[in-house]
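One structure is given below, encoded as structure tokens.
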Amino acid sequence: MAELSSNWKKLQAKLKAEGTSKTPAKRNAGERSPPPAKRSKVADSAARQAGPTGKLSRRQISPRKMGGVHSSRMEHEPRHGPSPSLALWAEDNDISAEALAEAYDLGLKDNSMMLASHQDKVNHGLSSGIEIGKYVAMDCEMVGIGPGGHESALARVSIVDFHGRQIYDSYVKQREKVTDWRSAVSGVSQKEMRFARDFDLVQRESFDILKDRVLIGHDIRHDLDALQLSHPPRDIRDTAKYPGFKKFGNGRKPALRVLARELLSVDIQNGPHSSTEDARVTMLLFRKHKSGFDVDHANRFAPKAPATSMHAGKKLKLQKKKKQNNRQS
């Protein structure tokens, strides 16, 4: 027992000496000591498993198998290059941009299409670098000719694509004397005619754009007449004749300005008209109500049903009876 007490005293003396040698230096006044590090649950668990020896067994060291979902945060490798976009995918699969926009209802959450107006170039002619799709919208401005200026003549042509981008815009030289420029409405004056293109050129370029495409317009017949062009009725969508818009016309054809205000919350034509802006509004109206236009188009141009079998049978009986009467006579 005396030997055990003696060893205990030696151990205490040794511990006291080691503690004195590891005493940290005094800190300056106002210097805060760092808070003790918190031990994580994993560290506490490891300490309990280590036991008095402080070592983990091989079984304890081997990681535990886990499923596909990890609770810990995983570091992802950085991506190299841009991610593939819908537009590139559509191009690779020979799908037009307008078909993609229609399928995914892109760009129609608001009237953002109208923001394309700041890129318009008046009297620019045919825009380059734009792949024209299936749908185009057109609007024209007129001036007055003849006595009193009551007869209309083409003065400006504007065409936009499915996305509202300017495809074509041109002033048109007058072949007859203008008696009323209608500048307050048309936005056209004699000054613009200095840079206008010949009617034949504008007509030919417009025809090349409209050919084999679906044409959207507002009371488009007047615009086609001014261009002296025709277009298949099957390939026309007229916002002035669409049944769903009739209620805004008070018994007459609804004005484009009224449709823009009521259906798009957009104010247009407060001053001189812009045919490019009007064409863009017309396209926007068509796109936002395209499903209705499609139903109306299917109803008007549905193929006629073939004669029923009953009618065919009745016709055959009449033919047989006629042959019998001829034999008897």
Side-chain angles (χ1 to χ4, degrees), residues 95-117 119-120 127 130-141 157-169 206 209-227 229-249 252-269 273-302:
I95 298 174
S96 66
E98 61 186 13
L100 187 69
E102 179 184 341
Y104 286 90
D105 197 26
L106 301 179
L108 292 182
K109 304 301 180 185
D110 50 30
N111 298 329
S112 56
M113 183 190 290
M114 298 299 297
L115 297 178
S117 60
Q119 298 178 350
D120 294 344
S127 299
I130 296 180
E131 183 179 352
I132 307 173
K134 178 181 178 181
Y135 302 94
V136 293
M138 182 176 72
D139 188 77
C140 299
E141 298 297 342
V157 179
S158 300
I159 305 175
V160 301
D161 73 349
F162 187 75
H163 306 283
R165 297 175 298 186
Q166 177 182 314
I167 298 174
Y168 187 78
D169 187 73
S206 299
I209 296 172
L210 303 184
K211 184 181 177 182
D212 299 328
R213 291 188 168 91
V214 176
L215 174 61
I216 292 89
H218 189 80
D219 212 3
I220 193 64
R221 179 177 61 86
H222 296 295
D223 298 326
L224 290 172
D225 288 346
L227 269 166
L229 292 176
S230 62
H231 200 72
R234 181 182 293 272
D235 294 332
I236 290 177
R237 309 291 187 271
D238 198 325
T239 54
K241 296 181 179 180
Y242 174 54
F245 295 164
K246 283 185 177 179
K247 61 183 178 180
F248 299 103
R252 298 182 296 178
K253 293 178 182 178
L256 183 61
R257 180 182 66 259
V258 174
L259 295 178
R261 183 181 67 244
E262 297 296 330
L263 298 175
L264 305 176
S265 300
V266 172
D267 289 323
I268 62 172
Q269 302 178 351
H273 296 189
S274 166
S275 48
T276 303
E277 182 182 63
D278 290 352
R280 187 174 288 118
V281 166
T282 306
M283 178 61 82
L284 187 55
L285 285 168
F286 166 72
R287 284 192 61 179
K288 286 204 170 188
H289 299 268
K290 187 176 181 302
S291 58
F293 275 93
D294 291 343
V295 171
D296 177 62
H297 179 268
N299 291 336
R300 290 192 296 118
F301 295 97

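Since the model is a prediction, treat every value here as computed from it, not as a measurement.
Looking at His297 and Arg234, their side chains come closer than 4.5 Å, going by heavy atoms from C-beta outward. Taking 4.5 Å as the limit, every side-chain heavy atom of His231 sits out of range of all side-chain heavy atoms of Ile220. Side chains of Val266 and Leu284 form no contact here, defined as non-hydrogen atoms less than 4.5 Å apart. Side-chain contact between Phe162 and Arg287 is present, with at least one heavy-atom pair separated by less than 4.5 Å. Side-chain contact between Val136 and Tyr168: absent, with no pair of heavy atoms (C-beta onward) separated by less than 4.5 Å. Within the 4.5 Å cutoff, the side chain of Leu227 has no heavy atoms near those of the Asp223 side chain.
Of all heavy-atom pairs between Asp278 and Thr282, the closest is O-OG1, 2.7 Å. Across all non-hydrogen atoms, the minimal contact from Ser206 to Leu229 is CB-CD1, 4.4 Å.
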Pair up each side-chain donor or acceptor in residues 209-219 with any protein partner under 3.5 Å, not counting sequence neighbours, and list the distances.
| residue | atom | partner | partner atom | Å |
| --- | --- | --- | --- | --- |
| Arg213 | NE | Gly133 | O | 2.7 |
| Arg213 | NH1 | Ile209 | O | 2.8 |
| Arg213 | NH2 | Ile132 | O | 3.4 |
| His218 | ND1 | Thr239 | OG1 | 2.8 |
| His218 | NE2 | Pro254 | O | 2.9 |
| His218 | NE2 | Leu256 | N | 3.4 |
| Asp219 | OD1 | Lys253 | NZ | 3.1 |
| Asp219 | OD2 | His222 | NE2 | 3.4 |

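With Tyr242 as the aromatic partner, Arg237 does not meet the cation-pi criteria of under 6.0 angstrom to the ring centre and within 45 degrees of the ring axis.
By the side chain to side chain contact (heavy atoms under 4.5 Å, CB included) test, Asp225 pairs with Arg221, sequence neighbours left out.
Between atom CZ of residue Arg280 and atom CZ of residue Arg165 there is a gap of 11.0 Å, rounded to the nearest 0.5 Å. Separation of atoms CG (Leu224) and SG (Cys140) is listed at 8.0 Å; rounding is to 0.5 Å. Rounding to the nearest 0.5 Å places CG of Asp169 at 3.5 Å from OG of Ser158. To the nearest 0.5 Å, the span separating CD1 on Ile236 from CE on Met138 amounts to 8.5 Å.
A 6.0 Å sphere centred on CZ of Arg300 holds more than 12 heavy atoms belonging to other residues, nucleotides or ligands.
Between the side chains of Thr276 and Asp120, not a single donor N or O lies within less than 3.5 Å of an accepting N or O.
In this structure, Tyr135 and Phe286 have tilted ring planes: the angle between them lies in the 30° to 60° band.
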